[in-house]
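Residues: numbered from 1 along the sequence shown.
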Amino acid sequence: MRATVYCRISKDREGAGLGVGTQESDCRALAAELGATIVSVRTDNDVSAYSGKPRPGYQALLADVEGGRVDAVLVWHTDRLHRSPSELESYIATCEPRGVRTYTVKAGPIDLSTPAGQLVARQLGAVARYEIDHARERMHRAKQRSADSGRWKGGRRPFGYEADGITIRESEAALIRDAADQVLAGVAIRAIARSWNESGSTTTTGKPWELHGPRRVLLRPRNAGLMEHRGEVIGEAGWPAILEVEKWRAVVRLLEDPSRRTNNTNSAVRWLGSGLFRCGICGDVVRADKAREGKQTYRCKTGSHVTRGQKEVDDFVSAVIAERLRKPDLGELLADGSGAGVDVEPLERRAVELETRRRQLAEIFADGGIDQGQLVAGTRRLDAELAEVREQIAGAYTGTALADVAGSPDPGARWLSSGLDLQRLVLDALMTVTLAPSGRGRPAGWKPGESYFRPETVVIEWKGDV
């Protein structure tokens, strides 16, 4: 008798955590008792028979049966094979016409070629399915009780918190706070992910951050000390917040805004002026390119009207911006209606008051104090005012990129040390840069080995009252 052995790691009650090696050893002992020759061993590690995920080892087992290469299947228990009735029926349909029997270490032989054997297999499958469904029900109830009480539901350590899910891990919380400020300042999530990776930060599983990883972290209600259950915020949680509630709402509002560019076509931009600086002849934007000698340059996008050395232009523009940001009238640059100077605290108190009144209105309806029409009308009025208040709060938090730089002790140094994304946002908020033709010949006083760069050909127009 030719046999294939199937082994699968499981955390189920029966054989909980039983390793593949132990299962295979037991099955080999069973094969010796039966006088069977093992022609293949198929295994699946960490793939549940109930999850519905593809199981390569199981598929190879079916191929052995369909190909007529085996006469029997040896398995530690039937629940290593199936937890789904439909999958069991498919297995029976594969084994029955070929007369392939199933032998188990724990449940004995199962002859799927007979009605009695099929009945036993179906009964064992039904019991296994019941155990899983019952375990899931208990787990959901436990999580619901935890959610109702504001306690952590357990699971993988959340980024920003220790393994208990309650104590803040300050090194990670600082990254979350900084990322929230950057999002509100207009910095792209991909830039934040790159910054986190460069700083040596990893996910709680020790892996590098993927492009949208920080976005998923910032969208979590737990950052604001809120309890989420099945995708809905159901109240305050039992752990401290990393972000103020309304600031978190402002971040979520920005990240979920459909107009926000999630696939920024400038993802490969490496230079300050690419797509921002303009040609002094045709007015089109310039692009970064390499000259014949390998030097990085800015060239007109539609023609060869102007060509400038990228480093010289970027250094000049950077110096001009840093000098402007250090002037004492910098605060005037923020008077753009973006919410600067708004006192957020009273607005946050009003938002809490409106949310409380909304809950109280629902309780009055439940007690029979008002009818459904009054509940709907009152809820609409409160929701409208709450939306207006939250809009004001979001506007106060959602500053310009310039405001993020201006809030530092040395705005000029802050800008010079910022990432390219933030620098480009500030540049675009402050000025328009046009590269004029440089004319022929070398500049006066030029010496061999020096650059031909002429600062006067970089025309800077300040925006607004800057």
For this session: Please lay out, stage by stage, how R350 and L354 fare under the test side chain to side chain contact (heavy atoms under 4.5 Å, CB included).
Result: CA-CA 6 Å; R350 181 59 177 165; L354 291 170; 3.7 Å; yes

For this session: I would like to know whether L61 and Y91 meet side chain to side chain contact (heavy atoms under 4.5 Å, CB included); could you show each step before the answer?
Result: CA-CA 10 Å; L61 178 151; Y91 178 75; 4.0 Å; yes

Exercise. By side chain to side chain donor-acceptor pair (under 3.5 Å), which residues pair with S201, not counting sequence neighbours?
Worked result: W209

For this session: Of all the heavy-atom pairs spanning V39 and V70, show the shortest one and how long it is.
Result: CG2-CG1, 3.4 Å

Exercise. Side chain of D428, backbone of L276: donor and acceptor closer than 3.5 Å?
Worked result: no

For this session: With rounding to the nearest 0.5 Å, note down the distance linking CD in E353 to CD in Q360.
Result: 9.5 Å

Problem set entry | Distance-minimising heavy-atom pair for T4 and S40 | OG1-OG, 2.7 Å

Exercise. Do R359 and E355 touch side chain to side chain, with heavy atoms closer than 4.5 Å?
Worked result: yes

Exercise. Can you check whether A191's main-chain N or O pairs, donor with acceptor, with S195's side chain at less than 3.5 Å?
Worked result: no

For this session: Give the C-alpha distance, both sets of side-chain angles, the deciding distance and a yes or no for side chain to side chain contact (heavy atoms under 4.5 Å, CB included) between L218 and I189.
Result: CA-CA 10 Å; L218 291 171; I189 282 292; 4.1 Å; yes

Exercise. Backbone N or O of I242 within a donor-acceptor pair of the N223 side chain at under 3.5 Å?
Worked result: no

For this session: Provide the full list of salt bridge (Lys or Arg N to Asp or Glu O under 4.0 Å) pairs with a residue in residues 59-71, sequence neighbours left out, each pair given once.
Result: R2-D71, R42-D64, D64-R69

For this session: Check whether any side-chain heavy atom of L30 lies under 4.5 Å from a side-chain heavy atom of W76, and answer yes or no.
Result: no

Exercise. Do W271 and V313 have side-chain heavy atoms sitting under 4.5 Å apart?
Worked result: no

Problem set entry | Polar side-chain atom of Q374 near backbone of D371 as donor-acceptor pair, under 3.5 Å | yes

For this session: Determine yes or no for a side-chain-to-main-chain donor-acceptor pair under 3.5 angstrom, with Y298 supplying the side chain and F277 the backbone.
Result: no

Problem set entry | Check: R157 main-chain N/O paired with T204 side-chain donor or acceptor under 3.5 Å | yes

Problem set entry | Worked verdict on L272 versus R424 for side chain to side chain contact (heavy atoms under 4.5 Å, CB included) | CA-CA 6 Å; L272 183 64; R424 286 169 54 82; 4.2 Å; yes

For this session: Of all the heavy-atom pairs spanning A241 and A224, show the shortest one and how long it is.
Result: CB-C, 3.4 Å

Problem set entry | Atom pair CG/OH of D44 and Y58 - distance to nearest 0.5 Å | 10.5 Å

Problem set entry | Pairwise side-chain contact, I166 with P240, heavy-atom cut-off 4.5 Å (strictly under) | yes

Problem set entry | Under the side chain to side chain donor-acceptor pair (under 3.5 Å) test, residues paired with R98 that sit two or more places apart | none

Problem set entry | Sub-4.5 Å side-chain heavy-atom contact between K247 and D181 | yes

Exercise. Any donor-acceptor pair under 3.5 Å linking the side chain of Y103 with the backbone of L34?
Worked result: no

Exercise. Short question: side chain of Q423, backbone of W415 - any donor-acceptor pair under 3.5 Å?
Worked result: yes

Exercise. Side-chain contact, heavy-atom cut-off 4.5 Å: V105 with H77?
Worked result: no

Exercise. Within a strict 4.5 Å, meaning less than it, do heavy atoms of the R414 and L422 side chains meet?
Worked result: yes

Exercise. Counting only N and O atoms by type, is there a donor-acceptor contact under 3.5 Å from the side chain of R222 to the main-chain atoms of W239?
Worked result: no

For this session: Using modelled atom types only, decide if a donor and an acceptor are shared between the side chain of W248 and the backbone of R220 within a distance under 3.5 Å.
Result: yes

For this session: Would you sort out whether E24 and R28 count as a salt bridge (Lys or Arg N to Asp or Glu O under 4.0 Å), showing the intermediate values?
Result: CA-CA 6 Å; E24 182 180 344; R28 286 188 179 277; 3.0 Å; yes

Exercise. What pair of heavy atoms forms the shortest contact from A93 to P97, and how long is it?
Worked result: O-CD, 3.0 Å

For this session: Supply the atom-to-atom distance R169 CZ to D164 CG, rounded to the nearest 0.5 angstrom.
Result: 10.0 Å

Problem set entry | Shortest non-hydrogen separation from P208 to T203 and the atoms involved | O-CG2, 4.0 Å

Exercise. Can you tell me how far the CZ atom of R358 sits from the CZ atom of R381, to the nearest 0.5 Å?
Worked result: 13.0 Å

Exercise. Is R253 paired with E246 through a side-chain N to carboxylate O contact shorter than 4.0 Å?
Worked result: no

For this session: Would you mind reporting whether R215 and E210 have side-chain heavy atoms less than 4.5 Å apart?
Result: no

Problem set entry | Rounded distance (nearest 0.5 Å) linking atom CD of Q372 with atom OG1 of T379 | 10.5 Å

Exercise. Looking at CD of Q182 and CD1 of I192, how far apart are the two atoms once the value is rounded to the nearest 0.5 Å?
Worked result: 5.0 Å

